Amino acid sequence: MSDATKLAAAAGSADPGVGLRAVLALRRLLETLETLQVGNARRAGWSWQEIADALEVSRQAVHKKHAGRWPGPDRREK
């Protein structure tokens, strides 16, 4: 069983201590994965709007959260 699978199972625990720790770990994992995939998308030439659409958030939200993570000029959309 993978660590992510174990965390998902633990998140459903009847013990709130176990469940909440698992939720925190999953949240951190998801943030890491989102950052990785946004970086992949930007390097592949995706616009902030395309990324926002894929994540079902506003362009402004995704730009605010991720724009400063990579060096180089920001390619602003009109």
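None of the values given here were measured: they were computed from a predicted structure. Each residue takes its place number in the sequence, starting with 1.
Lys65 has its side chain within reach of Glu34: a pair of non-hydrogen atoms, C-beta onward, lies under 4.5 Å apart.
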*Residues Leu36, Asn40; criterion side chain to side chain contact (heavy atoms under 4.5 Å, CB included); working and verdict*: CA-CA 6 Å; Leu36 172 73; Asn40 287 344; 4.1 Å; yes
*Verify side chain to side chain contact (heavy atoms under 4.5 Å, CB included) between Val38 and Leu55, making sure each step is shown before the conclusion.*
CA-CA 10 Å; Val38 168; Leu55 293 174; 4.2 Å; yes
*Verdict with reasoning, Arg21 to Leu24, per side chain to side chain contact (heavy atoms under 4.5 Å, CB included)*: CA-CA 5 Å; Arg21 283 190 302 275; Leu24 174 61; 5.7 Å; no
*Give the intermediate values and the outcome of side chain to side chain contact (heavy atoms under 4.5 Å, CB included) for residues Glu50 and Asp53.*
CA-CA 5 Å; Glu50 289 171 313; Asp53 291 345; 5.6 Å; no
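Rounding to the nearest 0.5 Å places CG of Leu7 at 12.5 Å from CZ of Arg27.
Hydrophobic clustering of Ile, Leu, Val, Met, Phe, Trp and Tyr side chains at less than 4.5 Å, counting indirect connections, unites Ile51 with Val57. If you chain together hydrophobic residues whose side chains sit under 4.5 Å apart, Trp46 and Trp48 fall into the same group.
Between Ala11 and Leu26 the shortest heavy-atom distance is CB-CD1, 3.9 Å. Nearest heavy atoms, Ser58 versus Ala61: OG-N, 3.0 Å.
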